[in-house]
Amino acid sequence: MGKNLTTEQLMQLTINESKKSIPEHIDKADPKVGAIITTKDGEILAKAYRGELRIGEHCEYTLIERKLKDKNLDGCELYVTLEPCVDKARNEPKRGCSTHIYKSRISKVYIGIRDPNPKVENEGANFLASKGIEVIDFPSHLQDEIRHLNKIFIAEKELEQFKLLKEKYNKQKSYLQKSETKAKINQFDNTAVNQFLKYSSAGFSYPSQKFNQWALGFEIADRDSNEMLHPTRLGIILFGKNVDTIYPHTIFKVEINYANGEKEIKDFGGPIVSQLTSILDFIKDKAFKLTIDRSEGVRKEQIDFPLIYLREAIANAIIHRDYENEMATNFLSISPKKIIIRSPGNPVNPLILEDLNSFDAPSISRNPKIMFVFNKMGLAEQRGIGLSQMKHLNELGFPLPTFDLKAGILQMTFGRSKDFIAEAKGIDSSTLSKEANDGLLFIQQNKEVSVSEYAKHFNLEIKTANRRLKNLVDNGLVIKTGEKKGTRYKLK
């Protein structure tokens, strides 16, 4: 059953299965979760949805311990729309779904979305990966569908996390969880904190006792052995007044290189929630002035580069950087030809560089609590939206950005003209015609094209289209695949 289905079709079947989920509670939303187990060849062994056989029962448990209890699942694959839970999220003697998956010897798990609770997000996936199980996330467009189906549940989980009170730490604290004992809770920036509380409808303000209680729960504050309250590194980085004097690596460096050879450099410090707006205010008039287009006989203003995409890239650099790396800062360089953003940190496991360059990478945050704050303040797109939306740059006549990794620093480069596609491949764009650069943009937008599609788009004879594509191949910019009617062209 289902042996000929593609991986994405199996993912869609899992989403369809989740729609049958039976709610457990009447006072809060329950997630809609579906799961499918297949052989390594894609043959469906069984499907399940949350609450199918017993109210509240997780579908992974239903599959492994009920429907397929006597089946050897060694090497099989699991598709599930919500990240499997871990032991600590279950009431004893119940075990987390991740444990059941591991014990069943399933070899690969496809996950729809990560747990929306920032306290446990990524833990199920990380547990599976630590046991040698391959973890693959659904593509972003399917993640969007799952989030829409679970929008009430996700909103409630975020609110639940926001209202969480003080908790005791029984584990070793991460870099961001550690206290800054030389700082005090009153060293937060009032404007930044209260702006966040306003957007979050918290019902209390800063400073206040209620804020202190919430700050303990959200891990932006901690108590020492004398019950004195101190901000954590996370709190200082998010909201600290003089964070750059304590942690200079949180500074965001900006460099503008003008066409006349002059250069302007500025450092942006302070709480990271305030950096994005300050950077945009600085660069938009200096580096992205509007130009006037009169080519059609009508005065029309055109932007040099769409700031909405740069805004998202800067926000991502702030949110997802590795703050444990104190030797490097975020960096933005703007020149007439290109824009470069550097952010310390490798892609978050299990993402690799190729996932980012595909622009269909799932939403995985290194710093889920920073992401939570930025989302609430309207400083970042909702999960999984920003990167996939950058594919629309082609529609506006701009090439897609590229991602590179150098010594643990992730670099994202935007081209400000079509010439960038050739330049990024080491080809002097001045040696190419305008038609060649237009052709490269068209191929990039469509991933791969046929001769007839190329000819139709540029209103060319087939013979002319063939010649232009051959020139791109000869220049080492495009590769040709297939034969005869199956011939396709794509960027090298």
Side-chain angles (χ1 to χ4, degrees), residues 86 88-89 117-123 126 158 160-197 200 202 204-252 268-275 318-330 343-345 348 365-377 379:
V86 290
K88 74 173 187 178
N117 186 340
K119 282 187 63 63
V120 295
E121 182 179 23
N122 300 329
E123 292 205 16
N126 289 342
E158 289 184 340
E160 178 184 315
Q161 171 62 15
F162 178 76
K163 292 181 177 179
L164 193 65
L165 298 179
K166 178 184 177 182
E167 62 181 32
K168 294 180 180 179
Y169 302 113
N170 295 318
K171 59 180 181 178
Q172 185 177 358
K173 295 177 182 178
S174 69
Y175 176 86
L176 291 177
Q177 288 174 330
K178 290 180 179 178
S179 298
E180 185 54 64
T181 55
K182 294 180 181 179
K184 297 181 180 179
I185 195 71
N186 62 2
Q187 289 180 274
F188 287 151
D189 182 281
N190 290 51
T191 301
V193 175
N194 282 307
Q195 185 180 14
F196 166 63
L197 295 175
S200 303
F204 55 84
S205 60
Y206 170 78
S208 69
Q209 186 58 37
K210 286 187 176 180
F211 171 83
N212 291 350
Q213 288 180 318
W214 171 79
L216 287 166
F218 199 67
E219 298 179 353
I220 63 170
D222 197 9
R223 292 190 190 278
D224 62 21
S225 58
N226 296 317
E227 290 299 302
M228 293 292 294
L229 204 62
H230 301 280
T232 61
R233 289 171 173 171
L234 174 65
I236 291 175
I237 288 170
L238 275 169
F239 301 119
K241 284 180 186 176
N242 302 308
V243 55
D244 43 302
T245 62
I246 303 173
Y247 302 119
H249 67 295
T250 62
I251 287 172
F252 205 125
F268 292 85
I272 62 171
V273 295
S274 303
Q275 288 181 356
I318 298 171
I319 295 167
H320 302 301
R321 68 152 289 173
D322 180 4
Y323 283 96
E324 193 168 353
N325 181 351
E326 296 186 344
M327 303 300 293
T329 66
N330 281 330
S343 179
V348 181
S365 176
R366 188 193 316 274
N367 305 305
K369 291 186 178 176
I370 295 178
M371 182 71 177
F372 175 83
V373 170
F374 270 65
N375 281 155
K376 284 295 182 182
M377 296 181 71
L379 297 172

Roughly how far apart are [X] [atom1] and [Y] [atom2], rounded to 0.5 Å?
{"X": "Phe374", "Y": "Asn367", "atom1": "CZ", "atom2": "CG", "value": "10.0 Å"}
{"X": "Phe252", "Y": "Asn330", "atom1": "CZ", "atom2": "CG", "value": "4.5 Å"}
{"X": "Thr245", "Y": "Ile251", "atom1": "OG1", "atom2": "CD1", "value": "9.0 Å"}
{"X": "Leu176", "Y": "Leu238", "atom1": "CG", "atom2": "CG", "value": "8.5 Å"}
{"X": "Glu180", "Y": "Ile185", "atom1": "CD", "atom2": "CD1", "value": "12.5 Å"}
{"X": "Ile370", "Y": "Ser365", "atom1": "CD1", "atom2": "OG", "value": "7.5 Å"}

Heavy atoms only: give me the nearest [X]-[Y] pair and the separation to one decimal.
{"X": "Thr232", "Y": "Gln177", "value": "CG2-O, 3.4 Å"}
{"X": "Ile236", "Y": "Phe188", "value": "N-CE2, 4.0 Å"}
{"X": "Tyr206", "Y": "Gln187", "value": "OH-N, 3.8 Å"}
{"X": "Arg233", "Y": "Tyr247", "value": "CG-OH, 2.9 Å"}
{"X": "Met377", "Y": "Ala192", "value": "CE-O, 4.1 Å"}
{"X": "Pro248", "Y": "Thr329", "value": "O-CG2, 4.0 Å"}

Check your understanding: With under 30° as parallel and over 60° as perpendicular, where do the rings of Phe218 and Phe372 fit, or are they tilted in between?
Key -> tilted
Is there side-chain contact between [X] and [Y], with at least one heavy-atom pair below 4.5 Å?
{"X": "Asp322", "Y": "Tyr175", "value": "no"}
{"X": "Lys184", "Y": "Met228", "value": "no"}
{"X": "Leu216", "Y": "Leu229", "value": "yes"}
{"X": "Ile318", "Y": "Phe268", "value": "no"}
{"X": "Asp189", "Y": "Lys241", "value": "yes"}
{"X": "Phe196", "Y": "Val273", "value": "no"}
{"X": "Lys376", "Y": "Val373", "value": "no"}

Check your understanding: For the side chain of His230 and the backbone of Asp222, is there at least one donor-acceptor N/O pair under 3.5 Å apart?
Key -> no
Review point. Short question: side chain of Arg366, backbone of His320 - any donor-acceptor pair under 3.5 Å?
Key: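 Side chain of Arg366 to backbone of His320: a pair is present.
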Exercise for review: Tell me yes or no: between the side chains of Asp244 and Thr250, is some donor less than 3.5 Å from an acceptor?
Suggested key: no
**Study point:** Full working for side chain to side chain contact (heavy atoms under 4.5 Å, CB included) between Val243 and Ile272
**Key:** CA-CA 9 Å; Val243 55; Ile272 62 171; 5.8 Å; no
